[in-house]
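See structure below.
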Amino acid sequence: MAATVIVGLQWGDEGKGKTTDLLAESVAVVVRYQGGDNAGHTIVIGDSVFKLHLVPSGVLYPHITPVIGNGVVVNPQTLLDEMAMLEERGVGTANVRVSEAAHVIMPYHVALDGAMEARLAGEEIGTTRRGIGPAYADRAWRIGVRMADLLEPGALRTRLERILPEKNAVLVQTHGLEPFELDDLVARATDWGERLRPHIVDTTALVQDALARGLHVLLEGAQGTLLDLDHGTYPYVTSSNPIAGGACTGGGVGPLQVDEVIGVMKAYATRVGSGPFPTELDDETGRHLLERGHEFGTTTGRRRRCGWFDAVPLRHAVAINSVTSIMLNKLDILSGLPEVRLCVAYRIDGRIVERLPSSPDLLARAEPVYEAFEGWDEDVSGIRRAEDLPAAARRYVDVLEGLAGVPISIVSVGADRQATILRRERPRRATVAGPGWAGGGEAGGPGRAGSSPGAPVDAP
Ligand code: GDP
Ligand code: IMO
Ligand code: MG
């Protein structure tokens, strides 16, 4: 066994929490590798709904060690509150481990995030205002505070004595806000450190030890590929690397220790916050997706923008994440639509474009080129075998699979753990499927039928 990465292929909220929870049953360690409490991962087990922002989704299984890796930015108060909520609901959190190298979201980061968004009024990124960008910026600027610093109040005070005047100057002079007080910050940080002390460890050593012992490690991404700082729709992105490569830097694994990358996507698209979204729908279908899909942000409660599935960034996402298989969520939400559409290219300034442009201006001018498919009326939420899905739904999944170029192994038809269809085997790096898996003549979009599925990558 080695490591499996779970990564969002769209703009976040693809259902990574459900995917992680589903796969976590058979693993030993679940690691969050980037992002912070901007994430909101929902897990539904019967009547119980858990919304997690920082603690990895594996926490619900007592046999799992949930790890917050070095690549995460941690708001210690959120973490303490979330652990208290879990304990209150009967979920043990003694096993939670936090990297001593993870950066701390300090109260001034939260204040700066809100202040910068307010200043951009009209041009704002639409951040979650959790201090994510400012905390990652300080990390890169080498003026961050790390979890280990919370355990050394003396050294922390010296560090904050250097950092805080700079932060306060910006808060007061640029944004007209109140400054933070050194003694108060040191006292709060020391309290967090005391309360979190049993959880703060070298998580890279922990993960490497687990791998050396042959245990299976799951790395749970937050956000999604199109929100990636490098590969997403910059500047309308988050400040970390949600892509699978981020699991190596932020989770403490080497690239060749990862033998499986599960891409998570939903059967349509959503986006929260600002930024171009070519397939966005402001019509009856958009309302259907919003309402049936309950597309309201888990973290901020904001209404998610909804639209048709966009297969243009899909090819890009599969490639840059080395996706070995896909979990397709929320297929049930499309029931009742007379027609289902897929965006297969863009028309930009009269030209057909098949790749995601990196310029936000170009992307903002992109008009989707759609393929239309017959819809289906049947409620599919009770279905547990792929062959029992309505023919039109099966065809839609086949076409998506052909466009992705890797198998859609799992299909989800409801929020509950149980509402899941195991459609195909999950190939791993060493066993990437041969041409047999998706050969279905139905697969492939326009001019793309049978698009070179899964050539072996590990040929001797
Ligand atoms: P994440 O951030 O990627 O973990 O996704 P969120 O939890 O923010 O949003 C996904 C939402 O869809 C959650 O409310 C899930 O409970 C729900 N969900 C996941 N899979 C399915 C599905 O197949 N069908 C339905 N109806 N809901 C789902
Ligand atoms: P999960 O893990 C969807 C979006 C914000 C904003 C942009 C930058 O639940 O999929 P930030 O606060 O990160 O600086 O905001 O990123 N965003 C998300 N959108 N799902 C998320 O997480 C997100 N986390 C951040 O809305 O557009
Ligand atoms: Mg979410």
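Note that this is a predicted model, so its numbers are computed, not measured. Side chains are part of it too, since the values below use all heavy atoms of this structure and drop only hydrogens, waters and symmetry mates. Both counts, for ligands and for their atoms, begin at 1 and track the order of listing.
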Quiz item: Contact between Gly414 and ligand 1, counting heavy atoms under 4.0 Å?
Solution: yes
Practice problem: For Lys16 and ligand 2, answer yes if some heavy atom of the residue is under 4.0 Å from a ligand atom, otherwise no. | Solution: yes
Exercise. Of all the heavy-atom pairs spanning Trp141 and Lys167, show the shortest one and how long it is.
Key: CZ3-NZ, 4.3 Å
Self-check item: Atom pair OG1 (Thr225) and CD (Glu14), whose distance is rounded to the nearest 0.5 Å
Solution: 7.5 Å
Practice problem: Can you pull out the closest protein heavy atom to atom 12 (O) of ligand 2? Residue, atom name and distance to 0.1 Å, please. | Solution: Thr128 OG1, 2.5 Å
Quiz item: Please state which protein non-hydrogen atom is closest to atom 16 (O) of ligand 1 and give its distance, to 0.1 Å?
Solution: Ala415 CB, 3.4 Å
Quiz item: Among the heavy atoms of Gly8, does any lie under 4.0 Å from an atom of ligand 1?
Solution: no
Quiz prompt | Distance filter under 2.8 Å, centred on the Mg ion (ligand 3) - protein N, O or S atoms that pass it | solution = Asp13 OD1, Gly40 O
Quiz item: At the 4.0 Å heavy-atom cut-off, does Arg271 count as touching ligand 2?
Solution: no
Quiz item: Which heavy atom in Asp377 sits nearest to a heavy atom in Ser335, and how many Å separate them?
Solution: O-CB, 4.1 Å
Quiz prompt | For ligand 1, the portion of Ile333 having any non-hydrogen atom under 4.0 Å away | solution = side chain
Quiz item: Could a heavy atom of Arg304 be found less than 4.0 Å from some atom of ligand 1?
Solution: yes
Quiz item: Should you measure from each heavy atom of His41, which atoms of ligand 1 turn up under 4.0 Å away?
Solution: 1 (P), 2 (O), 4 (O), 7 (O)
Quiz item: Can Gly40 be said to touch ligand 2, with heavy atoms closer than 4.0 Å?
Solution: yes
Self-check item: Which residue and heavy atom of the protein sit nearest atom 6 (P) of ligand 1, plus the separation
Solution: Gly40 O, 3.6 Å
Practice problem: Starting from atom 23 (C) of ligand 2, locate the nearest protein heavy atom and write down its residue, its atom name and how far away it is, to 0.1 Å. | Solution: Gln223 CG, 3.6 Å
Practice problem: Report the member of Thr42, Ile410, Val411, Asp332 with the shortest heavy-atom distance to atom 7 (O) of ligand 1. | Solution: Thr42
Quiz prompt | Close approach, His41 and ligand 2, non-hydrogen under 4.0 angstrom | solution = yes
Quiz item: So between Gly273, Gly35, Gly126, whose heavy atom ends up nearest atom 6 (C) of ligand 2?
Solution: Gly126
Self-check item: salt_bridge(Glu401, Arg424) N-O dist < 4.0 Å
Solution: yes
Exercise. Specify the closest pair of heavy atoms between Leu342 and Tyr396, including all atoms of both residues, with the distance to one decimal.
Key: CG-CE1, 3.7 Å
Exercise. Looking only at protein heavy atoms, identify the closest one to atom 27 (N) of ligand 1 and say how far it is in Å.
Key: Lys330 CE, 3.4 Å
Self-check item: For atom 17 (N) of ligand 2, the option (of Leu229, Leu227, Thr233, Thr270) bearing the nearest heavy atom
Solution: Leu227
Quiz item: To which protein heavy atom is atom 26 (O) of ligand 2 closest, and what is the distance rounded to 0.1 Å?
Solution: Arg302 NH2, 2.9 Å
Quiz item: Can an N or O of Asn38 be found at a distance shorter than 3.5 Å from an N or O of ligand 2?
Solution: yes
Exercise. Please report which non-hydrogen protein atom sits nearest to atom 19 (N) of ligand 2, along with the residue it belongs to and the distance in Å to one decimal place.
Key: Val272 CG2, 3.4 Å
Self-check item: ligand 2 contact by Val237, heavy-atom criterion under 4.0 angstrom
Solution: yes
